[in-house]
Amino acid sequence: MSSPSLIIAVDGYSSCGKSTFAKAIARWLGYTYIDSGAMYRAVTLYAMENGIIGEKGLDRKKLIAALPEIRISFEQDPATGSSVTLLNGRNVEEKIRSLEVSQWVSEVSRIREVREHLVQQQRRLAGHGGVVMDGRDIGTVVFPDADIKIFMTARPEVRAQRRYKELKEKGVEITFEEVLENVRERDRIDSGREVSPLKKADDALVLDNSDMSVEEQMEWIKEVIRKKLEEKEKKDADRS
Ligand code: DC
């Protein structure tokens with residue numbers, strides 16, 4: 001399907017299936033998908049690789065001073081067709097998904113200067129639209145005027161079950177209770193931080209996908225997009 005250049009913001013809790021959903025929307029529309037979480041993960045990896053995160057923890061001042069050196073971009077992997085994250089031109093897609101990066105990324109993403117730096121890059125990457133971006137603050141901070149805002153949620157037990165299955169498939173030794181505790185802890189950190197906490201934008205549509213398949217979610221969003229495009233067309237016709 002081709003359509004004018006909408007900006008679609010997908011925010012929500014961790015392990016809600018945001019990226020699967022956002023990627024599927026981008027594919028359907030022929031839009032660019034931008035994973036803003038990958039950008040916070042790439043900054044965290046940079047800090048780990050450059051002695052900014054070490055035995056003494058995270059050196060906040062050093063990280064802020066290094067921000068101008070950190071350039072994040074995305075490119076299409078010709079083999080898989082999926083998007084990969086580049087840190088200063090190097091493919092770090094696999095590295096940014098490590099457990100160690102996951103453990104440090106909340107600390108990094110609560111630093112105001114890091115957020116300001118990445119929000120600027122996110123706006124630049126979105127260009128003139130035709131983009132689906134997922135994260136925690138896309139509809140509230142990055143694109144407060146996004147054409148469509150989705151706030152995704154699902155029951156913590158459902159999200160923990162999805163994450164538990166993923167980790168087990170990767171061979172990670174962990175119990176369901178530990179995963180559930182981790183999901184609740186991440187919700188607490190994401191929603192409770194001082195700078196750009198995760199919260200639903202007033203004009204966001206809530207999608208609780210606890211009991212929905214990906215196909216059902218796609219049917220739902222296709223209807224939302226169709227309505228938005230009709231609305232836009234009507235506005236344009238009224239104007240001319
Ligand atoms: O979506 P994810 O789990 O890959 O995100 C990694 C971390 O980055 C997560 O702890 C929250 C943070 N994040 C953020 O603060 N703002 C965003 N727009 C995206 C992610």
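Computed from a predicted model, the values in this text were never measured in an experiment. Counting convention: from 1, in listed order, for ligands and their atoms alike.
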- Report yes or no: does R193 have a heavy atom closer than 4.0 Å to ligand 1? yes
- Message: Is R110 close enough to touch ligand 1? Criterion: a residue heavy atom under 4.0 Å from a ligand atom.
- Response: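 So R110 does not count as touching ligand 1.
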Starting from [atom], find the nearest protein heavy-atom neighbour and note its residue, name and distance.
atom: atom 5 (O) of ligand 1; result: G37 CA, 3.6 Å
atom: atom 12 (C) of ligand 1; result: S109 OG, 3.8 Å
atom: atom 6 (C) of ligand 1; result: R41 NE, 3.7 Å

- Task: State whether the side chain of R41 and the backbone N or O of I96 hold a donor-acceptor pair below 3.5 Å, judged by distance alone.
- Result: yes
- Message: When you compare the side chains of Y33 and D134, does any donor N or O come within less than 3.5 Å of an acceptor on the partner?
- Response: yes
- Y40-R115 side chain donor-acceptor pair, cut-off 3.5 Å: yes
- Message: Within the supplied structure, the quantity of interest is the number of heavy atoms (other residues, nucleotides, ligands) at a distance under 6.0 Å from D202 CG; does it exceed 12?
- Response: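 For D202, atom CG is not crowded (no more than 12 foreign heavy atoms under 6.0 Å).
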- Task: With heavy atoms under 4.0 Å as the rule, classify the contact between D190 and ligand 1 as side chain, backbone, both or neither.
- Result: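 Side chain only.
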- Select one of side chain, backbone, both or neither to describe which atoms of Q103 lie under 4.0 Å from any atom of ligand 1, heavy atoms only. neither
- Task: Ignoring hydrogens, just give me the one of S19, C16, S36 whose non-hydrogen atom is nearest atom 19 (C) of ligand 1.
- Result: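 Considering heavy atoms of S19, C16, S36, the nearest to atom 19 (C) of ligand 1 sits in S36.
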- Task: Determine, considering heavy atoms only, which of M39, R115, R136 sits nearest to atom 15 (O) of ligand 1.
- Result: R115
- Message: Taking the side chain as everything from C-beta on, heavy atoms only, tell me whether V10 gets closer than 4.5 Å to F151.
- Response: no
- Message: Quick check: do E49 and K95 have side-chain heavy atoms less than 4.5 Å from each other?
- Response: yes
- Task: Please say which of K165, Q161, K168 ends up in a side chain to side chain contact (heavy atoms under 4.5 Å, CB included) with F176.
- Result: Q161
- Using a strict 4.0 Å threshold on nitrogen-to-oxygen distance, state whether R97 and E94 make a salt bridge.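 Salt bridge flag = no for E94 with R97.
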- So the atoms of ligand 1 within less than 4.0 Å of a heavy atom of V105 turn out to be 7 (C), 8 (O), 10 (O)
- If we only count N/O pairs under 3.5 Å, is Y40 in contact with ligand 1? no
